[in-house]
Novice: 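One structure is given below, represented as structure tokens, and several questions about it will come after.
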Amino acid sequence: MRQPIVSFCAFTLFLFIALTSDAAPSNGPLRVCKENQNYFCDQDGKAILLTGSHTWYNLVDMGPSDPPPAFDYPQYITWMEELNHNFMRMWAWDLTQWDTSGNGANNRNEHTRHFVAPLPWLRTGPGEATDGKPKFDLSKFNPEYFNRLRERVAAAGQKGIYVSIMFFEGWGLQHVNQALDFHPFALNNNINGTNGDTNGDGKGLEIHELGNDKVLEIQKAYIREVIDQVNDLDNVLYEISNENHPPSTEWQYHLIRFIKQYESTKPVQHPVGMTFQYKGGKNKTLFDSPADWISPNNDGGYRDNPPANTGKKVVISDTDHLWGIGGYASWAWKSACRGLNPIFMDTYDAVVLGQQPFDEKYAALRRALGDIRKFTARMDLNASKPMNELSNTGYCLADSETRYLVFVPQDTKNVEVEMPAGEYTVEWLNVETSKIELKDKRLTSNSKMKIENPVDGPAALFIEKK
């Protein structure tokens with residue numbers, strides 16, 4: 001078994017954190033719940049709703065200077081903990097630098113050239129790559145990258161945060177100007193003779209397709225190294241690639257099966273995910289995949305009127321694939337009441353795209369994700385199903401016949417909920433402000449409860465049988 005690439009000092013720091021942290025660590029590796037396949041469950045069989053914020057440079061540093069500014073990861077995961085978030089996508093970025101004009105940054109008169117480091121392979125030379133730095137040796141892994149990966153995943157786990165490790169990034173090669181010039185698999189950028197542009201069109205999209213065995217073996221070696229470094233950590237999930245092009249389908253399916261096969265030989269197995277293929281992908285491709293979890297696009301209404309999950313896959317609904325940069329608090333509540341796991345593509349401190357990170361719309365969304373965790377933690381998620389027909393609002397997550405979580409759209413003044421006769425407590429939350437506006441009011445139901453909405457704006461209603 002390959003030994004982890006971790007220095008003695010790094011290991012000592014990690015051990016100190018593990019032994020002294022007051023945060024609740026993640027409880028065993030996740031697996032799809034047998035009782036309720038809308039969710040993952042921990043090693044005790046308890047269903048877990050995943051929700052949180054993620055940003056592009058939570059693993060590799062990224063910014064308009066070279067070298068890029070160091071990302072304050074401890075502050076980031078503390079910020080997530082304070083928001084009551086428990087999930088992030090940990091981003092890979094395949095290019096050494098990129099032009100953000102593909103995201104419209106040039107329309108805001110900002111720096112568009114961004115630099116990225118570290119990457120998984122050492123830059124040993126001889127010779128210079130297109131960016132003027134030593135060429136990559138794709139047979140040698142970069143200890144800085146893998147040390148950082150393990151340390152950051154472990155630190156997140158101590159705060160109860162699950163991490164989906166992204167292996168590859170597919171958006172960049174498609175949409176960044178001259179992207180191949182800055183990819184390690186470009187023939188001029190490595191000393192191994194590896195050519196990711198086998199059709200010679202200057203794009204290299206076939207890097208993320210089957211057909212180039214040499215590239216595929218390098219990718220599999222890298223995947224094995226990642227798994228070797230983190231297999232023993234409980235809070236791990238995997239994602240093949242972010243927003244790759246539709247012809248990547250069979251390549252992604254192949255690597256999902258490869259990961260599952262390789263981890264089957266190891267002590268721990270972790271869920272593997274596949275996310276929306278941009279542009280032109282179909283959600284059916286995700287549902288038909290061998291992945292454990294998926295992130296769809298808006299096909300089917302996931303942005304404005306999310307479909308109720310049926311348990312075919314765990315659905316982690318990501319604003320990244322619905323808006324790019326966007327989303328709002330009501331969307332998160334709608335998604336949660338439909339049996340989905342909502343997450344937010346966060347501009348965070350605005351280093352990369354310059355968007356206003358503390359726009360109140362996004363602040364309300366961040367708070368909503370944490371509020372959803374608080375309320376669903378009071379339910380038996382193993383037995384909770386989206387039952388839209390029980391409420392006139394159309395959004396109801398029901399825990400057997402005991403607890404009901406209802407999203408109430410703005411301007412809905414009278415709410416009706418069908419439930420067995422009995423006495424119940426009612427709690428109202430203002431979705432935009434995260435404030436409880438009415439708590440523990442007792443009502444009696446005679447099969448259908450009619451409740452006046454006291455909230456000025458969209459609301460969440462929590463009902464519990466006494």
Novice: In this structure, is the centre-to-centre distance between the rings of W79 and Y348 below 6.0 Å?
Specialist: yes
Novice: Could you verify whether a donor N or O on one side chain and an acceptor N or O on the other, from N36 and N382, lie under 3.5 Å apart?
Specialist: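 Judged by distance alone, the side chains do not pair up.
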Novice: Thinking salt bridges, do R150 and D232 make one under a 4.0 Å N-O criterion?
Specialist: yes
Novice: Considering only NZ, NE, NH1 and NH2 on the basic side and carboxylate oxygens on the acidic side, decide whether K133 and E128 come within less than 4.0 Å.
Specialist: no
Novice: Verify the distance criterion only: is there a donor paired with an acceptor across the side chains of D234 and N27 at less than 3.5 Å?
Specialist: no
Novice: If you count heavy atoms of other groups shown closer than 6.0 angstrom to NZ of K385, is the number above 12?
Specialist: yes
Novice: Between Y162 and F40 (judged by ring centroids, cut-off 6.0 Å), do the two rings come close enough to count as a pair?
Specialist: no
Novice: Would you call R148 and D61 a salt bridge, using N to O less than 4.0 angstrom?
Specialist: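 So R148 pairs with D61 through a salt bridge.
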Novice: So do L180 and K203 actually touch side chain to side chain, heavy atoms under 4.5 Å?
Specialist: no
Novice: N388 vs R338, test: side-chain hydrogen bond (donor to acceptor under 3.5 Å, both in side chains). Steps then yes/no.
Specialist: CA-CA 8 Å; N388 306 322; R338 295 283 171 84; 2.9 Å; yes
Novice: Any salt bridge between K282 and D299, counting N to O under 4.0 Å?
Specialist: no
Novice: Looking only at the side chains, is there a donor atom on one of S53 and D346 sitting less than 3.5 Å from an acceptor on the other?
Specialist: yes
Novice: Just checking, any donor-acceptor pair under 3.5 angstrom between side chains of S434 and D371?
Specialist: yes
Novice: Does a donor on one side chain and an acceptor on the other come within less than 3.5 Å for N244 and H208?
Specialist: yes
Novice: To the closest 0.5 Å, what do you measure between CD1 (I48) and CG (D44)?
Specialist: 9.0 Å
Novice: State, yes or no, whether a side-chain contact exists between I259 and I227 at a heavy-atom distance under 4.5 Å.
Specialist: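 Touching, per the 4.5 Å side-chain cut-off.
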Novice: Show, in sequence, the C-alpha distance, side-chain angles and deciding distance for W91 and H54, and conclude whether the side chain to side chain contact (heavy atoms under 4.5 Å, CB included) test is met.
Specialist: CA-CA 8 Å; W91 278 75; H54 58 100; 3.0 Å; yes
Novice: Taking everything shown except E35 itself, do over 12 heavy atoms lie less than 6.0 Å from its CD?
Specialist: yes
Novice: Taking C-beta and beyond as the side chain, do L322 and S317 meet within less than 4.5 Å on heavy atoms?
Specialist: yes
Novice: Would H321 and Y302 count as a close aromatic pair, with their ring centres under 6.0 Å?
Specialist: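 Not close enough - the centres of the two rings lie 6.0 Å or further apart.
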Novice: Do the non-hydrogen side-chain atoms of Y39 and K46 ever get within less than 4.5 Å of each other?
Specialist: no
Novice: Under the side-chain hydrogen bond (donor to acceptor under 3.5 Å, both in side chains) rule, what do Q277 and S248 come out as? Steps first, then yes or no, please.
Specialist: CA-CA 8 Å; Q277 296 169 291; S248 71; 3.2 Å; yes
Novice: So, T130 versus N188: side-chain donor-acceptor pair below 3.5 Å or not?
Specialist: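 No, N188 and T130 have no side-chain donor paired with an acceptor closer than 3.5 Å.
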Novice: Looking at W323, does the NZ or CZ of R303 lie under 6.0 angstrom from its six-membered ring centre and within 45 degrees of the ring axis?
Specialist: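 Judged by the rule (NZ or CZ under 6.0 Å from the ring centre, within 45° of its axis), R303 counts as positioned above W323.
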Novice: Minimum heavy-atom separation for S335 to P342, with atom names?
Specialist: CB-CB, 4.1 Å
Novice: Looking only at non-hydrogen atoms, find the nearest pair between A221 and F141 and report the distance.
Specialist: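 Minimum heavy-atom contact is O-CZ, 3.5 Å.
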Novice: Between D288 and K284 (salt bridge meaning N to carboxylate O under 4.0 Å), is one present in this structure?
Specialist: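 Yes.
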Novice: Under 3.5 Å, is there a donor-acceptor pair linking the side chains of H254 and K220?
Specialist: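 There is such a pair between these side chains.
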Novice: Taking side chain as C-beta onward, heavy atoms only, is Y395 less than 4.5 Å from W333?
Specialist: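 No, their side chains stay 4.5 Å or more apart.
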Novice: Of F185, W93, Y222, which is the lone residue that meets ring-ring contact (aromatic ring centres under 6.0 Å, His included) with F168?
Specialist: Y222
Novice: Counting C-beta onward and ignoring hydrogens, is there a side-chain heavy-atom pair between E239 and V272 closer than 4.5 Å?
Specialist: no
Novice: What pairs with D94 under salt bridge (Lys or Arg N to Asp or Glu O under 4.0 Å), at least two apart in sequence or on another chain?
Specialist: none
Novice: Determine, using ring centers only, whether Y57 and F71 are less than 6.0 Å apart.
Specialist: yes
Novice: Considering only heavy atoms from C-beta outward, does the side chain of R152 approach that of V163 to under 4.5 Å?
Specialist: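 No, too far: nothing below the 4.5 Å cut-off.
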Novice: Can you confirm whether the side chains of D320 and Y278 place a donor and an acceptor under 3.5 Å from each other?
Specialist: no
Novice: Could you tell me which non-hydrogen atom of A129 sits nearest to which non-hydrogen atom of R123, and how far apart they are?
Specialist: CB-NH2, 3.4 Å
Novice: Indicate the atoms forming the closest heavy-atom contact of P134 with G125, along with that distance.
Specialist: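 The pair with the smallest heavy-atom distance is CB-N, 3.7 Å.
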Novice: So E243 and H175, side-chain hydrogen bond (donor to acceptor under 3.5 Å, both in side chains) or not? Walk me through it.
Specialist: CA-CA 11 Å; E243 293 192 350; H175 302 288; over 6 Å; no
Novice: Can you list the steps and then say if D304 with K334 is a salt bridge (Lys or Arg N to Asp or Glu O under 4.0 Å)?
Specialist: CA-CA 8 Å; D304 300 315; K334 289 178 181 179; 5.8 Å; no
Novice: T51 vs N341, test: side chain to side chain contact (heavy atoms under 4.5 Å, CB included). Steps then yes/no.
Specialist: CA-CA 6 Å; T51 189; N341 298 260; over 6 Å; no
Novice: Side chains of E263 and Y238 only: does a donor on one sit below 3.5 Å from an acceptor on the other?
Specialist: yes
Novice: Which residue, R31, K313, K312, K260, forms the salt bridge (Lys or Arg N to Asp or Glu O under 4.0 Å) with D292?
Specialist: K260
Novice: Inspect the contact between D318 and R89 and indicate whether a charged nitrogen and a carboxylate oxygen are less than 4.0 angstrom apart.
Specialist: yes
Novice: Taking the inter-plane angle between the rings of Y262 and F258 on a 0 to 90° scale, is it parallel (under 30°), tilted (30 to 60°) or perpendicular (over 60°)?
Specialist: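 It falls in the parallel class, under 30°.
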Novice: Could you label the plane-to-plane angle of the F136 and W121 rings as parallel, tilted or perpendicular, counting under 30° as parallel and over 60° as perpendicular?
Specialist: perpendicular
Novice: We want to know whether S139 and D137 form a side-chain donor-acceptor pair, criterion being a heavy-atom distance below 3.5 angstrom.
Specialist: yes
Novice: I want to check something: taking the side chain as every heavy atom from C-beta on, are M90 and L149 in contact at a cut-off of under 4.5 Å?
Specialist: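 Contact flag for M90/L149 side chains = yes.
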